[in-house]
Q: 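Starting off with a structure, shown below.
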Amino acid sequence: MNNEQILENIGQLVDEERSLRQRTGGLLPEELSRLAEVEVQLDQAWDLLRQRRAKAEFGDDPDTAAVRPAAEVEGYRS
């Protein structure tokens, strides 16, 4: 994935997250589960984009950046 594709993916995930959060009357259990998945995927996508940009800035190949495991990316919040 290149930066544009990652940003497009982020946009789609943000739209889905927004749609789920705007539902009135609460979310069904499967919708809550999907919302949690979307949040993790967003964190992973932003992390990947940051990795790619940092590699490019310092002369490394951005294509060597990889999606990090959810547990690692979610650990950044602590």
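In this text the structure is predicted, and so the values were computed from the model without any measurement.
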Q: Given side chains that start at C-beta, do those of Asp61 and Lys55 come closer than 4.5 Å, heavy atoms only?
A: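 SC-SC contact between Asp61 and Lys55 ruled out.
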Q: Is a donor on one side and an acceptor on the other found under 3.5 Å between the side chain of Gln44 and the backbone of Arg68?
A: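 Yes; at least one donor-acceptor contact below 3.5 Å.
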Q: Name all residues meeting the salt bridge (charged side-chain N to carboxylate O under 4.0 Å, His left out) criterion together with Asp15; count only those two or more places apart in sequence or in a different chain, and write none if there are none.
A: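 Asp15 satisfies salt bridge (charged side-chain N to carboxylate O under 4.0 Å, His left out) with Arg18 only.
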Q: Let me confirm one number: the CG-CD1 distance from Asp43 to Ile10, rounded to the nearest 0.5 Å.
A: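 Reported to 0.5 Å precision, the distance equals 10.0 Å.
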Q: Does Arg23 reach the main-chain N or O of Leu28 with its side chain, forming a donor-acceptor pair under 3.5 Å?
A: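 Such a contact is absent between Arg23 side chain and Leu28 backbone.
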Q: Under the side chain to side chain contact (heavy atoms under 4.5 Å, CB included) test against Glu8, which residue among Gln5, Gln12, Glu4 passes?
A: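 Running side chain to side chain contact (heavy atoms under 4.5 Å, CB included) over Gln5, Gln12, Glu4 with Glu8 returns exactly one hit, Gln12.
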Q: Group every Ile, Leu, Val, Met, Phe, Trp and Tyr by side-chain heavy-atom contacts under 4.5 Å, then state whether Leu49 and Val14 land in the same group.
A: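 In one cluster: yes.
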Q: Look at the side-chain heavy atoms of Ile, Leu, Val, Met, Phe, Trp and Tyr, link any pair under 4.5 Å apart, and say whether Val67 and Met1 land in one connected group.
A: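 Per the 4.5 Å side-chain linkage, Val67 and Met1 are co-clustered.
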Q: Rounded at 0.5 Å granularity, tell me how far CD in Gln22 sits from CD in Glu17.
A: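 Result: 10.5 Å between the selected atoms.
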Q: Do you reckon Leu27 sits in the same ILVMFWY cluster as Leu42, going by side-chain contacts under 4.5 Å, direct or chained?
A: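 Not linked; separate clusters.
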Q: So Val73 and Val40, do their side chains get closer than 4.5 Å, heavy atoms only?
A: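 Sidechains of Val73 and Val40: no contact.
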Q: Do Thr64 and Gln51 have side chains that approach each other closer than 4.5 Å (heavy atoms only, starting at C-beta)?
A: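 Counting from C-beta outward, Thr64 and Gln51 never come under 4.5 Å.
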Q: Are Arg34 and Glu16 packed together at the side-chain level, in the sense that at least one heavy-atom pair is separated by less than 4.5 angstrom?
A: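 A side-chain contact under 4.5 Å exists here.
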Q: How long is the span from the CG atom in Asp47 to the CD1 atom in Ile6, to the nearest 0.5 Å?
A: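 Interatomic distance, Asp47 CG to Ile6 CD1, rounded to 0.5 Å: 10.0 Å.
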Q: Do you know which two heavy atoms are closest between Asp63 and Arg52, and how far apart they sit?
A: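 Looks like OD1-NH1, 3.0 Å.
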